[in-house]
Amino acid sequence: MPLKMHNTLTGLEDEIIPGGVKKNNIKDYPPVTIYSCGPTVYSYAHIGNLRTFIFNDLLNRYLKFRGFKVQHAMNITDVDDKTIKGAREEGVTLKEYTEKYTDIFFEDLKTLNIEPADFTPKATESIDAMIDILEKLKEKGIAYDKDGSLYFSISKFPDYGKLSNLDRREIMSGLRYDTDEYEKEDVRDFALWKAAKEDEPSWDTPFGKGRPGWHIECSAMVRKIFGKTIDIHTGAVDLIFPHHENEIAQSEAAYGEQFVRYWIHPEHLIVDGAKMSKSLGNSYTLMDLREKGFSPRSIRYLLLATHYKKQLNFTFDGVKQADNTLERVDNFLLRLNDIADGKENNTGIESIINTFLDKFTETADNDLNISGSLGVFFDFVHEINSLINEDKISKNDAEKVMKAIEKIDSVFGFIFFKDNKENEIDSERIEKLIEERNEARKAKNFQKSDEIRDLLLAEGIILEDSKDGTRWKIRK
RNA sequence: GGCGCCGUACCCAAGUGGCUAAGGGAGAGGUCUGCAAAACCUUUAUGCAGCGGUUCGAAUCCGCUCGGCGCCUCCA
């Protein structure tokens, strides 16, 4: 079964074929080249942004799980209207301002266990690559100059609109196109390069001082880093038009070859059924949620668990449900670790594990159906739990099961998630108290044994007795 | 007006023409346990927004209606 992903460009679920040439073995493919639209670093990222980045992470992790090599680039937009305005308001330089939010952004990614991209280019460090595109577009007569700014003439690019079906769409009457302050020949043309203004950052170029238009940086970075057609380009649905449409226009007009093979667009997140917005007061940052006591791990799970093509309705109740789900996962891991020596190996364990991994892959191959894969995972948990109850899992079997779980957690990233509470616990003291309690239990002094259990519970330590002994865990 | 996503149990959420509609959360009953906890078992949709149609057969395809959300405004 090949991996298929929904491609906005074709409207179909297309098999992912890195490099565009089909091979028999995944190992023979060149690395999958991926470019993701990253953040504009003018503020803290909100959970909607983070959903998109968690989707990118899932995609990258799954490709690697499937045996593909991956080269992933994600840009940092560090010059635009909002960053310039923000820096001015805070009275700092653009660089100081954007570096602050860039650092916070990377910290958020780390907190959510999102693997770093291989390349994280900044717009302000990619001006040369932009100039290259702009010169080619000028030579070809596709870009034109007006009052020191450069515009892209969409009438010169017949394919314009192929991503968003613009050619088949009518423009809503009365819609204001010209929100830009700059003059254009055709209202639908877009700015490639904006003429320098007083008190705005600018760069020297062969066509005068100025700063980048919004779309040019992505085209430039893709070219600078990969140098040719890339496989996958991701970004949330709102970017399909105009941003990605314009990227295609610039890149394909300048270089005369296909820009991207697969366009993948995760849906938006909404909050309590409504669009997230600052005026509704339902726009949350990661820090907001942590202050409310929600763990990054639960947030990762929640943002991951819904299929990326479906709008995700974020609620606090949802995070609590995620918390409970993860507790079930943790209990399962504890049970596996607690299996005592001396039990017989289960001859069927390999087959159970292989079936599990095959089903997991088969489900995820279908447009990254994470919800289906989670279902497969919980079926497996259930099956193994039952075997543990029946004493049909040896320590050796448990290790094999753990290996399989580690493997799929290379995709999920929430199973062995480290929440940093654990270090503060004095486990030696707890073990001692457990021993004391078990002696009391043996002597049928249940009053004392319950006292010890309550004492630990008050500290957030839960004790659980089983026929293999007593285990403890931290209460969430 | 154009383009697009969606409506599955109390909540979240798979399923893309064919066995009794995954899975998670929550609730109820049971097994185990000194008691708990954990785990396991049973249980909660003769029905998938509504109405028609295509088909031997539809949650799945088509049409219409109702409802939610998004983009067409440098929003992920």
Side-chain angles (χ1 to χ4, degrees), chain A residues 8 11 13 36-40 45-53 55-56 77 80-82 161 164-166 168-180 190-191 194 213-215 234-243 245-246 265-270 273-277 301-302 305-307 309-313 315 317-318 320-332 334-335 338 363 366-367 369-379 381-382 384-390 441 444-446 449-450 453-454 457 462-467 470-473:
Chain A
T8 309
E13 299 207 344
S36 300
C37 278
T40 303
H46 54 65
I47 47 172
N49 301 338
L50 296 173
R51 184 206 189 181
T52 301
F53 298 121
F55 165 73
N56 290 337
T77 301
D80 82 317
D81 292 350
K82 283 176 294 198
S164 56
N165 291 325
L166 190 72
R168 274 183 271 140
R169 87 166 61 181
E170 285 174 29
I171 302 304
M172 189 175 172
S173 56
L175 186 73
R176 288 171 316 162
Y177 260 87
D178 207 356
T179 54
D180 235 315
F190 58 90
K194 297 181 175 184
W214 176 30
H215 318 293
T234 69
V237 282
D238 56 292
L239 296 181
I240 296 171
F241 186 87
H243 185 50
E245 195 69 69
N246 291 350
H265 293 104
E267 256 295 344
H268 276 166
L269 172 151
I270 57 177
K275 184 183 176 169
M276 192 172 41
S277 71
Y301 178 85
L302 183 64
T306 297
H307 189 256
K309 291 286 288 175
K310 191 173 170 174
Q311 280 175 356
L312 190 163
N313 187 15
T315 61
D317 187 51
K320 285 189 198 108
Q321 290 192 13
D323 261 337
N324 291 338
T325 301
L326 290 171
E327 201 178 332
R328 180 171 153 79
V329 172
D330 287 343
N331 283 328
F332 174 59
L334 286 172
R335 293 192 90 205
D338 280 354
T363 311
N366 176 22
D367 201 20
N369 180 4
I370 187 77
S371 317
S373 301
L374 285 168
V376 172
F377 170 63
F378 284 109
D379 280 341
V381 170
H382 178 248
I384 299 297
N385 260 327
S386 293
L387 289 174
I388 295 174
N389 277 15
E390 294 164 25
R441 289 177 69 212
K444 301 221 186 283
N445 184 355
F446 296 122
S449 71
D450 287 352
R453 186 166 65 193
D454 291 344
L457 187 62
I462 298 170
L463 298 190
E464 293 175 355
D465 301 322
S466 76
K467 55 182 179 296
T470 301
R471 74 171 194 222
W472 62 276
K473 66 185 183 188

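Numbers restart at 1 for each chain; the letters A, B, ... are given by sequence-line order, proteins then strands.
For His243(A), no side-chain nitrogen or oxygen approaches OP1 or OP2 of rC71(B) to under 4.0 Å. Between Asn49(A) and rC75(B) there is no side-chain polar atom (N or O) within less than 4.0 angstrom of OP1 or OP2. Contact check, Asn385(A) against rC40(B): a side-chain N or O comes under 4.0 Å of OP1 or OP2. The shortest distance between the side-chain N/O atoms of Lys275(A) and the OP1/OP2 oxygens of rC71(B) is below 4.0 Å.
In RNA chain B, runs of at least 3 stacked Watson-Crick or G-U pairs (N1-N3 plus N6-O4 or O6-N4, or N1-O2 plus O6-N3, all under 3.5 Å) give these stems: B:1-7 with B:66-72, B:10-12 with B:23-25, B:26-31 with B:39-44, B:49-53 with B:61-65.
In this view, Arg51(A) satisfies the salt bridge (charged side-chain N to carboxylate O under 4.0 Å, His left out) rule with no residue, not counting sequence neighbours. Judged as a salt bridge (charged side-chain N to carboxylate O under 4.0 Å, His left out), and not counting sequence neighbours, the contacts of Asp450(A) are Arg453(A). For Asn389(A), the side chain to side chain donor-acceptor pair (under 3.5 Å) partners two or more places apart in sequence, or in a different chain, are Arg335(A). Partners of Thr325(A) under the side chain to side chain donor-acceptor pair (under 3.5 Å) rule, at least two apart in sequence or in another chain, do not exist in this structure. Here Trp472(A) pairs with nothing under the ring pair (Phe, Tyr, Trp, His ring centres under 6.0 Å) rule; sequence neighbours left out. Under the ring pair (Phe, Tyr, Trp, His ring centres under 6.0 Å) criterion, His243(A) pairs with Trp214(A), His215(A), not counting sequence neighbours. By the salt bridge (charged side-chain N to carboxylate O under 4.0 Å, His left out) test, Lys473(A) pairs with Glu464(A), sequence neighbours left out. Not counting sequence neighbours, the partners of Asp465(A) by the salt bridge (charged side-chain N to carboxylate O under 4.0 Å, His left out) test are Arg437(A), Arg441(A).
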Quiz item: Quick one: what's the B/S/- string for nucleotides 32-38 of chain B, heavy-atom cutoff under 4.0 Å, read 5' to 3'?
Solution: --BBBBS
Close N or O pairs between protein and nucleotides 5-7 of chain B (under 3.5 Å):
from: rC5(B); atom 1: O2'; to: Lys309(A); atom 2: O; distance (Å): 3.2

Protein and nucleotides 16-22 of chain B: nitrogen or oxygen contacts under 3.5 angstrom:
from: rA22(B); atom 1: N1; to: Ser371(A); atom 2: O; distance (Å): 3.4

